[in-house]
Enquirer: 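Got a structure for you, written out below as structure tokens; questions coming shortly.
In this text the structure is predicted, and so the values were computed from the model without any measurement. Counting begins at 1 with the first residue of the sequence.
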Amino acid sequence: MMLCWSFKMNLFWFFLLLFLYLGVFSFGSSNNVSSRPAVVNIGAIFTFDSTIGKVAKLAIEEAVKDVNSNFSVLHGTKLFVKMRNSNCSGFDGMVQALQFMETDIVAIIGPQSSVVAHIISHVANELQVPLLSFAATDPTLSSLQFPFFVRTTRSDLYQMSAVAQIVDHYGWKEVIAIFIDDDYGRNGMSALDDKLAERRCRISYKLGIPPGPGATRGDIMDLLVNVAQLESRVIVLHVNPDSGLMILSVAHYLQMMGDGFVWIATDWLSSLLDSALPLPSETMDTLQGVLVLRQHTPDSDRKRTFFSKWNKLTGGSLGLHSYGLYAYDSVWLVAHALDAFFNQGGIISFSNDSRIKSVEKGGSLHLEAMSIFDDGPLLLKNVLQSTFLGLTGPIKFDSERSLVLPAYDIINVLGTGFRRIGYWCNYSGLSTVPPEMLYSKPPNRSSANQQLYSVIWPGETLSKPRGWVFPNNGKQLRIGVPIRVSYLEFVSQVRGTDNMFKGFCIDVFIAAVNLLPYAVPYRFIPFGDGQKNPSYNELVYSVATGVFDAAVGDIAIVTNRTKIVDFSQPYAASGLVVVAPFKRLNSSAWAFLRPFTARMWVVTAASFLVIGIVVWILEHRINDEFRGPPKKQLITILWFSISTLFFAHMQHLSSPIKGIESLKNSDEPIGYQVGSFAEHYLSEELGISKSRLIPLGSPQAYAQALQLGPKKAGGVAAVVDERPYVEVFLSSQCKFRVIGQEFTKSGWGFAFPRDSPLAVDMSTALLQLSENGDLQRIYDKWLRQSSCTLESTELESDRLHLKSFWGLFLICGIACFIALFIYFLQILNKLRHADPTPCVSTSPGNSRSRQLRRFLSLIDEKKDPSNSGSKRKKIVRSFSDNDKDDKLGRNPEKKQTEMTNRSEINSNN
């Protein structure tokens with residue numbers, strides 16, 4: 001029945017548009033009015049008895065009164081509004097719009113419904129009458145298709161952006177969308193889908209409700225029973241008040257308004273709460289815990305004054321919602337635009353369309369009465385350029401013909417009313433402060449800045465709902481598990497069974513699942529042929545394509561896999577390493593010589609000896625450890641020089657392979673484990689030819705290929721594999737060792753589809769296993785290693801050469817030279833001041849010999865700890881010796897010497 005009615009309506013509209021667009025414009029008689037008429041007629045189309053219409057009707061009437069009482073707006077011209085009831089019907093709305101076009105209407109306030117707006121916008125375009133809708137929020141009502149449609153409220157594009165950010169803020173990934181199946185509902189959900197996708201969220205299930213009285217309570221119950229069996233518990237409700245209250249009532253009856261559920265209602269519910277509060281208690285019981293969006297209108301003195309006036313008008317029987325405020329401001333917008341229109345010389349004149357006359361001949365629709373508003377484009381231009389401060393805040397249009405600064409209140413229904421938990425604005429996202437306080441600051445959309453107050457969720461709980469459960473449909477999760485043929489300690493199929501597995505990875509998965517706060521029904525599904533290790537890339541791809549719901553096993557977390565699936569927290573560290581044969585070189589008595597080359601040892605020994613001599617020279621005069629007989633001093637020098645050589649353990653392991661770089665640069669064959677990502681990494685990332693890569697299927701194959709070596713058929717120079725496998729291999733194969741360090745860093749995790757909420761919960765469980773020690777106990781159970789793995793598994797890559805240390809030797813040499821140079825300057829200065837000037841010439845040879853002996857005596861002389869008076873003591877001792885010589889008649893130069901020594905005493909004092 002509904003489809004038949006819709007077909008007839010579309011057929012009627014098709015013929016109407018055909019009539020309007022036939023032929024070319026031919027202007028007949030015209031009806032002109034002076035530029036400043038006494039009265040200007042405007043129209044209004046909406047549903048009088050709807051939640052929005054009841055408030056809008058009174059708001060429009062009050063706006064017209066206020067405009068007409070303010071001479072400064074239209075300067076004596078009065079507005080007169082003609083109202084028509086569309087009854088929420090596209091057909092009725094179209095008829096009412098056509099009737100308006102038979103009169104001298106210059107603008108239409110409305111319509112309220114997006115469905116009606118789609119239809120009459122075609123008429124408004126053709127007859128050039130601006131259409132100012134205060135409630136049609138459908139995002140597809142674009143200015144490109146409908147240039148004479150002006151939205152004086154917020155588009156649902158912004159409302160759905162707010163919903164998507166709320167969903168993302170609480171960490172939910174999937175929602176169920178329930179909507180009215182018309183232009184308003186479908187296009188709103190399309191916008192929500194796009195906004196959720198921007199945040200890697202999605203609508204998992206869409207449920208359309210027939211518009212009008214077509215849906216009964218029984219129909220709603222059948223639909224919600226299906227919803228209750230789905231995985232997501234976050235439900236977005238984008239409907240009208242009548243159907244919305246019925247849906248919430250049925251949901252309450254089905255216990256879908258309890259713990260674990262999340263209900264987010266768009267602004268249809270806030271309009272109902274603002275206009276009809278208090279609602280009956282049985283109705284409020286069905287709304288507890290619901291999150292609701294409401295178009296934000298800033299507080300102002302003018303707004304508070306109008307609210308006070310509204311309460312006096314209605315006696316408190318009818319509340320004022322945001323759509324009523326936008327309806328009021330729409331009238332003022334028309335008034336301001338008309339004032340500018342008249343100031344620019346605009347004239348209200350209408351012309352008949354000859355095309356309509358030609359179509360109407362012989363008909364009974366009386367379409368010839370419709371006329372075109374000649375200066376409609378000028379009035380439209382002034383509407384879009386108008387700027388003023390209304391009850392809803394600044395009224396100004398951006399380049400896309402949308403009102404600037406879109407924002408929403410976020411409210412939480414509780415008790416007999418509601419509380420605001422925050423705001424959303426297109427400028428900076430979620431916040432707990434009004435948006436108008438943020439516009440003066442730089443926009444900050446960081447996750448740390450997105451805040452809301454606490455919410456009382458359905459079920460009267462403060463704990464944030466998880467947002468999903470396992471579907472109550474009896475289905476188990478399909479867990480793909482690789483059938484390994486080697487390293488069975490990690491994963492292996494229980495012999496004689498189809499879907500039973502054991503091993504380290506299996507025990508970790510089961511332990512993590514047991515820690516989840518809910519039951520997870522699952523079954524293991526084998527992956528592979530059992531003849532060789534399967535491709536783990538193919539296993540991960542099977543999860544991405546929906547073949548499996550998850551994958552469990554020794555699955556490395558690598559870049560190309562993270563692009564198509566989500567991984568849990570790593571439960572085992574991993575990374576590629578090089579394994580090769582080795583020789584132990586510490587059995588010789590001269591093993592300590594092997595870390596350095598021979599040349600390096602010679603230069604090192606020489607440098608130590610030079611440094612020892614320098615230290616002896618510097619310390620000899622002040623340090624008793626460096627004094628004594630020459631033999632003792634020589635031993636001290638040698639001991640200081642070479643003692644540091646013998647304090648380290650000198651074991652050295654030798655291997656022809658020095659690391660991954662030397663392996664990469666050679667042309668020798670390299671082994672890898674079948675099914676491992678090592679093949680892809682070696683060939684694609686390191687550029688090693690695939691012809692050099694040899695697949696190996698078991699630890700025994702590793703050992704055999706390594707023992708054969710690269711020169712024999714089937715042999716390899718080294719094996720590249722992940723560390724966990726290598727540790728197991730080396731626990732029983734002590735002839736091989738790891739060469740160098742890990743050259744990749746990764747880990748093992750469980751794979752889930754993208755944005756799976758189970759991945760997050762499993763990660764939390766794995767962290768708990770690690771913290772309580774259970775993960776280590778599982779590791780010890782399956783992967784206990786023998787004693788040979790306790791030895792060092794990393795080989796030194798190179799011996800150390802002289803070129804590695806020449807800079808160090810240079811620095812040491814310069815330091816020694818500077819120290820000796822300063823020291824010798826001090827000795828020479830002391831010698832110059834201490835030597836007496838001879839009065840009797842002596843032979844040059846004796847003089848140089850005497851000076852050398854004096855120089856050496858000063859070097860060997862022990863320095864007095866007290867510097868002051870040291871020279872005085874020496875000179876006094878010299879005087880005493882001279883007196884003795886004088887008494888014996890052996891000092892003919894006494895007088896000259898005495899004068900010299902006194903002069904020196906005076907200079908030193």
Side-chain angles (χ1 to χ4, degrees), residues 160 163-179 189 192-193 195-207 223-238 247-248 251 254-265 289-291 452 455-479 509 512-523 543-544 546 548-552 565-569 749-768:
M160 297 311 166
V163 172
Q165 189 159 359
I166 292 172
V167 170
D168 183 56
H169 175 72
Y170 289 111
W172 303 315
K173 293 299 182 182
E174 295 183 352
V175 303
I176 296 172
I178 303 178
F179 58 96
M189 287 302 99
L192 177 60
D193 216 352
K195 294 301 179 180
L196 287 172
E198 292 176 2
R199 300 177 178 276
R200 288 188 58 183
C201 305
R202 69 187 186 96
I203 299 177
S204 61
Y205 186 76
K206 293 181 180 180
L207 182 63
L223 295 174
L224 290 185
V225 167
N226 294 330
V227 170
Q229 296 178 350
L230 300 176
E231 177 178 315
S232 177
R233 284 292 184 263
V234 181
I235 303 171
V236 177
L237 199 56
H238 187 55
I247 291 170
L248 292 173
L254 296 176
Q255 298 183 350
M256 294 175 64
M257 298 297 296
D259 191 16
F261 282 89
V262 177
W263 289 83
I264 303 176
V290 177
L291 291 184
L452 294 174
V455 178
I456 298 180
W457 303 98
E460 298 182 356
T461 177
L462 288 172
S463 300
K464 185 201 75 174
R466 191 170 65 246
W468 68 280
V469 295
F470 280 99
N472 187 22
N473 51 18
K475 294 183 179 179
Q476 296 177 316
L477 290 181
R478 299 160 298 172
I479 309 295
F509 175 77
V513 168
N514 290 338
L515 289 178
L516 296 178
Y518 48 85
V520 179
Y522 65 89
R523 60 189 177 95
V543 175
F548 297 129
D549 298 314
V552 171
V565 298
D566 283 349
F567 281 93
S568 67
Q569 172 81 14
F750 305 132
F752 299 90
R754 293 296 296 269
D755 303 320
S756 170
L758 187 57
V760 178
D761 290 348
M762 284 294 288
S763 295
T764 303
L766 289 171
L767 289 174
Q768 290 179 329

Enquirer: Is any side-chain heavy atom of Leu237 closer than 4.5 Å to one of Leu248?
Expert: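 In short, these two side chains touch, coming nearer than 4.5 Å.
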Enquirer: With rounding to the nearest 0.5 Å, note down the distance linking CD1 in Ile235 to CD1 in Ile247.
Expert: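 If we round to the nearest 0.5 Å, Ile235:CD1 and Ile247:CD1 are 10.0 Å apart.
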Enquirer: What distance separates Lys475 NZ from Gln229 CD, expressed to the nearest 0.5 Å?
Expert: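 Taking NZ in Lys475 and CD in Gln229, the distance rounds to 10.5 Å.
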Enquirer: Heavy atoms, side chains only, cut-off 4.5 Å: are Val167 and Ile264 in contact?
Expert: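 Yes, at least one pair of side-chain atoms sits under 4.5 Å.
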Enquirer: For Trp263 versus Met257, what's the shortest heavy-atom pair and its separation?
Expert: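 Shortest heavy-atom separation between Trp263 and Met257 comes out as NE1-SD, 3.2 Å.
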Enquirer: Indicate yes or no: at least one non-hydrogen side-chain atom of Leu192 is less than 4.5 angstrom from one of His238.
Expert: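 The answer is no, as the side chains (C-beta and beyond) never meet within the 4.5 Å cut-off.
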Enquirer: For a quick test of reading the model, state the closest non-hydrogen atom pair linking Leu254 to Leu224 and the distance between them.
Expert: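 Looks like CD1-CB, 3.7 Å.
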Enquirer: Given 3.5 Å as the limit, does a donor-acceptor pair link the side chain of Trp172 with the main chain of Pro465, or not?
Expert: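 Yes: the side chain of Trp172 pairs with the backbone of Pro465.
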Enquirer: Carefully, step by step, assess Lys464 and Val262 under the rule side chain to side chain contact (heavy atoms under 4.5 Å, CB included).
Expert: CA-CA 9 Å; Lys464 185 201 75 174; Val262 177; over 6 Å; no
Enquirer: Output all residues satisfying side chain to side chain donor-acceptor pair (under 3.5 Å) with Asp755, sequence neighbours left out; order by chain, then residue number.
Expert: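 Scan of Asp755 (side chain to side chain donor-acceptor pair (under 3.5 Å), adjacent residues dropped) gives Arg200.
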Enquirer: Is there a side-chain contact between Leu758 and Trp468 in this structure, where contact means two heavy atoms from C-beta onward sitting under 4.5 Å apart?
Expert: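 They are in side-chain contact.
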Enquirer: Which value, rounded to the nearest 0.5 Å, describes the distance between Ser232 atom OG and Ile176 atom CD1?
Expert: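 Here the rounded value is 4.5 Å.
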Enquirer: Where is the tightest heavy-atom contact between Asp566 and Ala759, given as atom of each residue plus distance?
Expert: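 Scanning both residues, the minimum pair turns out to be CB-CB, 4.4 Å.
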Enquirer: Find the distance between OG (Ser568) and CG (Leu766) and round it off to the nearest 0.5 Å.
Expert: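 Between Ser568 OG and Leu766 CG, I get 5.0 Å after rounding to 0.5 Å.
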Enquirer: Using 30° and 60° as the class limits, which term best fits the ring planes of Tyr518 and Phe470: parallel, tilted or perpendicular?
Expert: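 Rings of Tyr518 and Phe470: tilted, as their planes differ by 30° to 60°.
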Enquirer: Keeping Ser204 on the side-chain end and Val175 on the backbone end, is there a donor-acceptor pair under 3.5 Å?
Expert: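 Yes, because the side chain of Ser204 sits within donor-acceptor range (under 3.5 Å) of the backbone of Val175.
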Enquirer: Under the salt bridge (Lys or Arg N to Asp or Glu O under 4.0 Å) rule, collect the residues that match up with Arg523, sequence neighbours excluded.
Expert: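 With neighbours one apart ignored, the set is empty.
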Enquirer: Would you name the heavy atoms of Val520 and Tyr522 that are closest together and state the gap between them?
Expert: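 So the two residues come closest at O-CD2, 3.1 Å.
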Enquirer: Please tell me if the side chains of Leu452 and Tyr170 come closer than 4.5 Å, counting only heavy atoms from C-beta onward.
Expert: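 Leu452 vs Tyr170: side chains touch.
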Enquirer: Tell me every residue that passes ring pair (Phe, Tyr, Trp, His ring centres under 6.0 Å) with Phe752, counting only those two or more places apart in sequence or in another chain.
Expert: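 None.
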Enquirer: Measure the spacing between CZ of Phe509 and CE of Met762 and express it to the nearest 0.5 Å.
Expert: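 Reported to 0.5 Å precision, the distance equals 5.0 Å.
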Enquirer: Which heavy-atom pair separates Ala550 from Val543 by the least distance, and what is that distance?
Expert: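 The pair with the smallest heavy-atom distance is C-CG2, 3.8 Å.
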Enquirer: Just verifying a value: how many Å separate Ser763 OG and Phe750 CZ, rounded to the nearest 0.5 Å?
Expert: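 If I round to the nearest 0.5 Å, the distance is 10.0 Å.
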Enquirer: Applying side chain to side chain contact (heavy atoms under 4.5 Å, CB included), run through Val236 and Ile203 and close with a yes or a no.
Expert: CA-CA 9 Å; Val236 177; Ile203 299 177; over 6 Å; no
Enquirer: Check salt bridge (Lys or Arg N to Asp or Glu O under 4.0 Å) between Asp259 and all other residues, then give those that pass, not counting sequence neighbours.
Expert: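 Here no residue qualifies.
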Enquirer: Between side-chain atoms of residues 455-463 and protein atoms elsewhere (two or more places apart, or another chain), which donor-acceptor pairs fall under 3.5 Å?
Expert:
residue, atom, partner, partner atom, Å
Thr461, OG1, Ser463, N, 3.1

Enquirer: Glu174: which residues meet the salt bridge (Lys or Arg N to Asp or Glu O under 4.0 Å) condition with it, sequence neighbours left out?
Expert: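 Salt bridge (Lys or Arg N to Asp or Glu O under 4.0 Å) check on Glu174 returns Arg202.
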Enquirer: In the structure I gave you, are the side-chain heavy atoms of Met160 and Leu196 within less than 4.5 Å of one another anywhere?
Expert: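 The answer is no; the side chains never approach within 4.5 Å.
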Enquirer: Looking at Ala228, is its backbone amide N or carbonyl O close enough to the side chain of Arg233 to form a donor-acceptor pair, meaning the two atoms are under 3.5 Å apart?
Expert: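 Confirmed, Arg233 side chain pairs with Ala228 backbone.
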